[in-house]
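Please read the structure below before turning to the comments.
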There are 2 protein chains.
Amino acid sequence: MPVTAVASHSTVDDIVTHLTEAVHEHRLQPGTKLREDEVCEIFGVSRTLVRQALRSLEYQGLLTIEKNRGAFVAKPSLKEAREVFQARALLEPSTARAAAERASRADIAKLERHIQEEHEAIDRGEAGLALKLSGDFHLEIARIADQDTIEQFLKQLISRSSLVIALYWRRRNALCESHAHHALLDALRNGDGETADELMKGHLLDLLSQLDLRERTEGPVSLRDALKR
Amino acid sequence: MPVTAVASHSTVDDIVTHLTEAVHEHRLQPGTKLREDEVCEIFGVSRTLVRQALRSLEYQGLLTIEKNRGAFVAKPSLKEAREVFQARALLEPSTARAAAERASRADIAKLERHIQEEHEAIDRGEAGLALKLSGDFHLEIARIADQDTIEQFLKQLISRSSLVIALYWRRRNALCESHAHHALLDALRNGDGETADELMKGHLLDLLSQLDLRERTEGPVSLRDALKR
DNA sequence: TAATCGAAAATTGTATACGATCTGAATGAT
DNA sequence: ATCATTCAGATCGTATACAATTTTCGATTA
């Protein structure tokens with residue numbers, strides 16, 4: 001079972017948090033259906049709260065809710081995948097720049113711990129966890145920049161990035177991006193906004209280049225549609 | 001009463017749409033409380049659907065929901081106000097550029113009608129309606145650019161801009177920005193992305209300059225806090 | 001008079017009940 | 001055998017009932 005059982009009487013936030021982590025760590029694959037009753041049993045609450053949580057995750061871009069059919073882990077299309085990284089390319093460089101100009105010693109220390117955890121996860125072969133931590137690193141930079149609005153958008157974009165990676169990642173093995181994070185950290189430590197900006201831009205382009213976003217026959221079209229003439 | 005009564009058995013989308021328009025047109029002021037029962041009566045549905053709609057508007061940034069206290073039209077702080085326009089400055093210029101490179105004759109015609117309606121609203125002295133239409137103009141550009149993700153973010157940002165304007169607008173009278181929209185339209189018509197980019201940047205700076213975002217004693221602090229020593 | 005307390009009313013939070021829609025297997029017709 | 005149909009079970013959508021919390025307002029007291 002992909003989602004571990006949880007003590008009874010969870011709050012909506014509990015449900016959201018647990019499901020979010022499960023998706024970010026690729027324990028829940030795109031397309032997976034989340035039946036309301038099932039989620040109810042796992043978290044020990046009524047459908048009312050579960051439905052609230054599922055809606056919340058839909059707004060976050062992690063789920064797709066189809067009327068009268070249920071909630072599914074989202075499957076971003078190629079277009080959406082490109083858009084996610086285009087939007088990140090617009091928002092993150094200048095955010096990294098602002099972060100470099102504001103980062104305190106405590107902020108730097110926190111980022112160092114982050115990278116450390118990332119390494120450990122990779123060493124233990126927990127690719128899913130490493131991916132989630134990598135996303136958290138980017139979010140942490142937005143937090144340091146003290147840009148709540150942009151941080152909120154980035155949260156959505158990084159969530160969707162996680163789904164994009166699940167669907168379109170080329171090499172299942174090494175995601176050797178911790179080097180880029182190290183370089184970014186150096187720039188932040190030196191208060192070098194200009195460099196942080198460019199490193200982030202490059203880092204995102206690098207990520208994008210590791211995805212397979214070439215045009216392809218988009219999913220299994222329904223037989224009826226395929227034969228229509 | 002700020003919100004007009006509506007036929008029974010509305011859908012969630014109906015409620016969201018009507019309330020959104022009311023806020024965008026400044027018929028509902030920041031800070032106004034929206035009691036669930038009241039909204040139920042107006043739209044002729046049960047609290048279940050109303051609560052869904054209110055949540056949805058919270059995610060959109062139009063409402064703030066305080067636990068056990070209810071939903072209120074949001075009151076963006078000075079910091080949020082600045083962030084909203086900073087985010088728009090990051091997203092909209094490149095979106096306008098993309099729109100200029102893609103706009104069809106039909107798109108241009110639609111924008112022309114938009115501006116026309118804007119003028120008519122101003123002539124009739126309906127400042128609220130004019131403001132809403134002005135926001136729609138910006139959204140339409142994102143739609144033309146065919147950038148769903150950014151359009152979604154802009155929807156939120158423009159919603160919040162409407163609240164920011166309600167709170168921090170300097171001159172209550174003329175919002176003479178239709179000139180800027182005309183210039184933008186020309187650039188789009190000519191397929192001149194570079195110019196569209198710069199016009200949009202300037203337009204946003206211009207808007208920002210018409211707001212009074214100077215530091216001030218932030219709202220009426222509670223007496224107890226004010227006297228604390 | 002002003003402040004404090006408490007109980008009732010108002011309001012929101014959560015669970016449950018009921019209705020609508022979808023799904024899928026069994027049945028029957030071609 | 002294949003396709004259409006029907007009906008029961010599963011699942012989601014909405015309304016309502018009940019619980020928890022906040023708000024209001026009058027009574028009490030310093």
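In this text, all values refer to a predicted model and were calculated from it rather than measured experimentally. Naming convention: chains lettered A, B, ... in sequence-line order (proteins, then strands); numbering from 1 in each chain.
Straight-line distance from the CD1 atom of I15(B) to the C1' atom of dG13(D): 14 Å, rounded to whole Å. Across the protein-nucleic acid pair, K67(B) atom NZ and dA20(D) atom P stand 12 Å apart, rounded to whole Å. Nucleotide dG13(D) holds its P atom 17 Å from the CG atom of D14(B), rounded to whole Å. The separation between Q52(B) atom CD and dT12(C) atom C1' is 16 Å, rounded to whole Å. To the nearest angstrom, C1' of dC22(C) lies 14 Å from CZ of R35(A). The nearest whole Å value for the distance from the CZ atom in F43(A) to the P atom in dA15(C) is 14 Å. dA9(C) atom P lies 16 Å from atom CG of D37(B), rounded to whole Å. Atom-to-atom, CG of D13(A) to P of dT14(C) comes out at 11 Å; the value is rounded to the nearest Å.
The distance between the ring centers of H9(B) and F43(B) does not fall below 6.0 angstrom. The ring of H203(A) has its center closer than 6.0 angstrom to the ring center of H138(A).
Salt bridge status for R160(B) with E80(B): absent, with no side-chain N to carboxylate O gap under 4.0 Å. Between E151(B) and K155(B), none of the side-chain N atoms (NZ, or NE/NH1/NH2) sits under 4.0 Å from a carboxylate O, so this pair counts as no salt bridge. Between D107(A) and R143(A) there is a salt bridge, since a side-chain N of the basic residue sits under 4.0 Å from a carboxylate O of the acidic one.
Taking only distance into account, the side chain of R69(B) never meets the base of dG13(C) through a donor-acceptor pair shorter than 3.5 Å.
Closest approach to the T48(A) side chain among dT11(D), dT16(C), dT16(D) is made by dT16(C) (side chain taken as heavy atoms from C-beta onward). You'll find that the side chain of R47(B) is closest to dG13(C), out of dG13(C), dT14(C), dC12(D). Of the listed nucleotides (dT14(D), dT14(C), dT11(D)), dT14(C) has the atom at the smallest distance from the side chain of L49(A). Nearest nucleotide to the side chain of R51(B), out of dT14(D), dT12(C), dG13(D): dT12(C). Considering only the side chain of E36(B), dG13(C) comes nearest among dG13(C), dT14(C), dC12(D). Minimum atom distance to the side chain of N68(A) is reached by dC22(C), of the listed dA15(D), dC22(C), dT12(C).
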